[in-house]
Q: 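Would you mind keeping the following structure in view while I ask a few things?
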Amino acid sequence: MNIEKLAKTARSLVANHRGILASDESTGTIKNRFDGIGVVSTADSRRDYRELLFRTKGVVKFVSGAILYDETIRQKAANGMSLVRVMKAKNIQPGIKVDAGAKPLAGAPGETVTEGLDGLNERVAEYAKLGATFAKWRAVIDIGRNIPSPYAIHTNAHALARYARICQEGGLVPIVEPEVLMDGGHDIVRCQEVTEQVLAAVFNELNLQGVPLEGILLKPNMVISGKKCAKQASAKEIAERTLECFRRTVPAAVPGIVFLSGGQSMQDATANLNAMNAMGPSPWKLSFSYGRALQEGPLKAWKGITKNVPAAQSSLLKRARLNSAACKGSYRPAMEKAAAKK
Ligand code: 13P
């Protein structure tokens, strides 16, 4: 494996206060998003929507790459050019989701393991040929009564490390995503405890399987109160606990940590990232790989109507700009209004 090349790609994805647009919703998930704005989900409507995101003028200043779903990496833009070429022409790196989703884990009621290792070698080779430079695999850990079990944590960590090693050997930078869900009534202390256990297990497996950490990006949840918890922690506490958790578990060789938004509002996702960068410096770049927290605005503005494309693009540009400011620790809530006027 060419570790120097992988490390260079990984660093480039988090350079210059830029982050990643997660636009790799599966066909089922994007249908749910489209249902929310009254748009019928077809191959063409999905293409039109994603094309408008990638063609957003100026977004490359804030977004280094976008994660695609299998359908999208093979799709052509309305003018017949491949979407990958559209992205490359704008210097946005194409990434690819390679997992097959979280499936019930035998022997662990209520828990899941992410599948997709079978044939992954061949798929990675094909995606690299299609132009992908990086990949993503999401493991899901739920917090509840008596869960997560050590078995579910171990099984998911093992699969994440196998995926990472296969990607690196195929020339793709693996984004390693162990997501501890924010659903549920647990408090932030419990979230920190579980996130530390999960990250410790993931880095243990990455080491056992010989994955050079310079050639990965970590995509974790923030340490945050469960959605249904009566006591919601402040941005300051979220930032302090998240950084403490990472210092205990994430080696400094990892070039970048790109957060998922996980159901936080757009503003919270930006403010929490900002709070962490304002407390810096940290050993790793702290950036974003948001799905919902970047797309909520553009989806609502678009509604499947061509004449709304400029409004949807300016909504994406605004959110990307504010998240890039959060990578520097220079975001202020007042910028929400100022950016809207631009
Ligand atoms: P959210 O930011 O919406 O959590 O999505 C990020 C992602 O890619 C989840 O796998």
Side-chain angles (χ1 to χ4, degrees), residues 13-14 19-34 36-37 49-50 53 62-73 93-103 112-116 132 134-143 156 159-160 163-164 167 173-184 191 195 198 202 216-224 226-227 238 242 256-273 276 286-300 315-316 319-320 322-324 326-327:
L13 285 163
V14 287
I20 295 169
L21 166 66
S23 51
D24 59 319
E25 298 83 3
S26 63
T27 309
T29 303
I30 196 74
K31 182 185 177 302
N32 289 341
R33 305 268 190 274
F34 280 12
I37 54 164
Y49 172 61
R50 276 136 178 183
L53 299 178
F62 314 116
V63 168
S64 57
I67 317 174
L68 310 178
Y69 188 57
D70 179 78
E71 176 187 74
T72 320
I73 201 169
Q93 298 189 51
I96 182 76
K97 172 206 200 74
V98 300
D99 67 68
K103 305 286 160 60
T112 61
V113 63
T114 299
E115 296 188 348
F134 68 104
K136 160 185 143 173
W137 176 290
R138 172 175 175 257
V140 183
I141 303 290
D142 205 356
I143 299 181
N156 277 290
L160 269 169
Y163 139 81
C167 284
V173 168
I175 294 187
V176 173
E177 180 179 1
E179 174 172 5
V180 177
L181 296 177
M182 64 184 281
D183 305 336
C191 179
T195 306
V198 168
V202 166
I216 71 161
L217 291 175
L218 177 69
K219 177 164 173 168
N221 52 286
M222 294 180 191
V223 172
I224 208 165
K227 248 189 231 163
I238 290 168
T242 304
I257 296 177
V258 289
F259 289 99
L260 57 94
S261 59
Q264 298 179 64
S265 72
M266 294 191 289
Q267 288 83 353
D268 285 353
T270 307
N272 293 336
L273 175 62
M276 281 179 237
L286 296 169
S287 182
F288 57 93
S289 173
Y290 293 159
R292 283 162 286 179
L294 275 172
Q295 293 188 58
E296 200 184 305
L299 271 170
K300 272 192 200 145
S315 171
L316 174 66
R319 214 60 242 160
L322 296 182
N323 282 313
S324 174
C327 292

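Ligands are counted one by one from 1 in listed order, and the atoms in each one are counted from 1 as well. Because the structure is a prediction, the values reported are computed rather than measured.
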Q: If the criterion is any heavy atom closer than 4.0 Å to an atom of ligand 1, which residues make the list?
A: A22, D24, K136, R138, E177, K219, L260, S261, G262, S289, Y290, G291, R292
Q: Verify whether one side chain among Y290 and E296 offers a donor that lies under 3.5 Å from an acceptor in the other.
A: no
Q: So if I apply the salt bridge (charged side-chain N to carboxylate O under 4.0 Å, His left out) rule between E25 and each of K31, K97, R50, which one comes out positive?
A: R50
Q: Do other residues, nucleotides or ligands put more than 12 heavy atoms under 6.0 Å from the NZ atom of K227?
A: yes
Q: For K103, does the NZ atom have more than 12 heavy-atom neighbours from other residues, nucleotides or ligands under 6.0 Å away?
A: yes
Q: For the backbone of I67 and the side chain of K136, can you confirm whether one donor and one acceptor N or O come within less than 3.5 Å of each other?
A: no
Q: May I have all residue pairs that pass salt bridge (Lys or Arg N to Asp or Glu O under 4.0 Å) and include part of residues 259-271, sequence neighbours excluded?
A: none
